[in-house]
Amino acid sequence: MIAPAPQPDGGEGGRQAVLERLQGELAQLERELLERDYVRRADGLEHVRGAVRRLGELGSPSGILDRAAQELGVGSEFDRVLISELAGAELAPRVVWERGADTAANERLLGELGVARVALDYPLVEHDVARRREAQIVDVGSAGPRAPAALSAVLGWRSYVIAAIVVEGETVGLLHAERSRGDRDVDAVDLELVAQFAERLGEVFDRAVLRETLERHRSELQSAVNWLSDRLGRLNAGGRLAGTGANASGIDRESIEALTPRELQVLGLMARGQTNAAIASALLVREGTVKYHVKNILRKLGARSRADAVARYARAAPRPVRR
């Protein structure tokens, strides 16, 4: 007959004390883990804010995309960051950053990835993220056919976070981030940081595109204003331009003659590309007064816009503006 195992000193009370001690140690460990994740999250979000701020200072849309992977990677716990563009129904790698690699090594890796274009078809997780725009964690081992084999073969990742880059409501690219070193896979904190970065990256890119578009339109408008100003200068000097014969004394001239001297002053400054605020400053009046004059000018000339009013002014060869 087997003898019963010896009981700890104190019998049942001793076992209860051991159990309470273990529970206390587990509770302490849980608190330390929660505190560690809290610190990781706070530090990570601060890093994301700084990275996005620096990207916003670049201004150029292409420059933002080219720098985004590095900005997220440096100073984070990620070992590799990949940003890809949606090219039709394919995922085309745009830029990759790997910890410890120089520019040449990253370019070589990007070349390998460029050969391995991924078709964004079901059942890939990338297809789901691009469509739903919700960041996900992918465990390559358990994902099976849902993880793109082409990318996994080149990058050798075991788990990664993927998020959509959305501009004006459309998914324009995907962001992958992973940890290939260390003893842990990506987790919920990594998921939140990548999702936050991808969302703000889309906003920064959107603003850069809008700013670039406005600059292009401003340049085109300034060219038009310069051309009109040149015509006005020659007309006011008494010159005769081709195409200003019979029509010059027609409806446009009659409309111009109906303008008051102050309205002519405002129109002349409009022709030089001045804003309402600048016109108000030049004429020593309130901006609201300028807006009132502009409204009357458009009505009297039958113009649809400021540019249309200036064009009619140029065609009519108006009398010199009083200063």
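Keep in mind that what you see is a predicted model, and the values were worked out from it rather than measured. Residue numbers start at 1 and run along the sequence shown.
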Is it possible for you to say whether [X] and [Y] belong to one hydrophobic cluster, with membership spreading through side-chain heavy-atom contacts below 4.5 Å?
X: L58; Y: V95; answer: yes
X: L55; Y: V81; answer: yes
X: V118; Y: V125; answer: yes

Applying side chain to side chain contact (heavy atoms under 4.5 Å, CB included) between V186 and each of L193, V161, V138, D139, report the one that passes.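 For V186, the side chain to side chain contact (heavy atoms under 4.5 Å, CB included) test succeeds with only one of L193, V161, V138, D139, which is V161.
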Quick one: side-chain hydrogen bond (donor to acceptor under 3.5 Å, both in side chains) partners of R146, sequence neighbours excluded?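 With neighbours one apart ignored, the set is empty.
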Taking ring-ring contact (aromatic ring centres under 6.0 Å, His included) as the test, write out the residues that go with F197, two or more places apart.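 Here no residue qualifies.
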Holding to ring-ring contact (aromatic ring centres under 6.0 Å, His included), I want the full list of residues that pass it with H293, two or more places apart in sequence or in another chain.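 Checked H293 against ring-ring contact (aromatic ring centres under 6.0 Å, His included); zero matches.
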Does [X] reach the side chain of [Y], with side-chain heavy atoms less than 4.5 Å apart?
X: D187; Y: R40; value: yes
X: R179; Y: D190; value: yes
X: I83; Y: L201; value: yes
X: L175; Y: V194; value: yes
X: L267; Y: R312; value: no
X: D308; Y: L298; value: no
X: L91; Y: L86; value: yes
X: S84; Y: E90; value: no

[atom2] on [Y] to [atom1] on [X], rounded to 0.5 Å:
X: N106; Y: L113; atom1: CG; atom2: CG; answer: 10.0 Å
X: R54; Y: R67; atom1: CZ; atom2: CZ; answer: 7.5 Å
X: E134; Y: L191; atom1: CD; atom2: CG; answer: 10.5 Å

Return yes when atom CZ of R41 has more than 12 non-hydrogen atoms of other residues, nucleotides or ligands closer than 6.0 Å, and no otherwise.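 Not more than 12 within 6.0 Å, no.
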Look only at the side chain of S281 and the backbone of A277, and say whether a donor-acceptor pair between them is shorter than 3.5 Å.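 No.
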Could you tell me whether a side-chain N or O of R286 sits under 3.5 Å from a main-chain N or O of A280, the two making a donor and an acceptor?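 Side chain of R286 to backbone of A280: no pair is present.
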E112: what forms a side-chain contact (heavy atoms from CB on, under 4.5 Å) with it, not counting sequence neighbours?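 E112 satisfies side-chain contact (heavy atoms from CB on, under 4.5 Å) with V154 only.
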Step by step, work out the side chain to side chain contact (heavy atoms under 4.5 Å, CB included) result for L155 and L109. CA-CA 9 Å; L155 297 172; L109 181 57; 4.1 Å; yes
Side-chain donor-acceptor pairs under 3.5 Å in residues 43-50, sequence neighbours left out?
residue	atom	partner	partner atom	Å
E46	OE1	R49	NH2	2.9
H47	NE2	E71	O	3.2
H47	NE2	L72	O	3.0
H47	NE2	V74	O	3.1

Sequence neighbours left out, what pairs pass ring-ring contact (aromatic ring centres under 6.0 Å, His included) with at least one residue falling in residues 124-180?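 Residue pairs passing ring-ring contact (aromatic ring centres under 6.0 Å, His included), neighbours aside: W157-Y160, W157-H176, Y160-H176.
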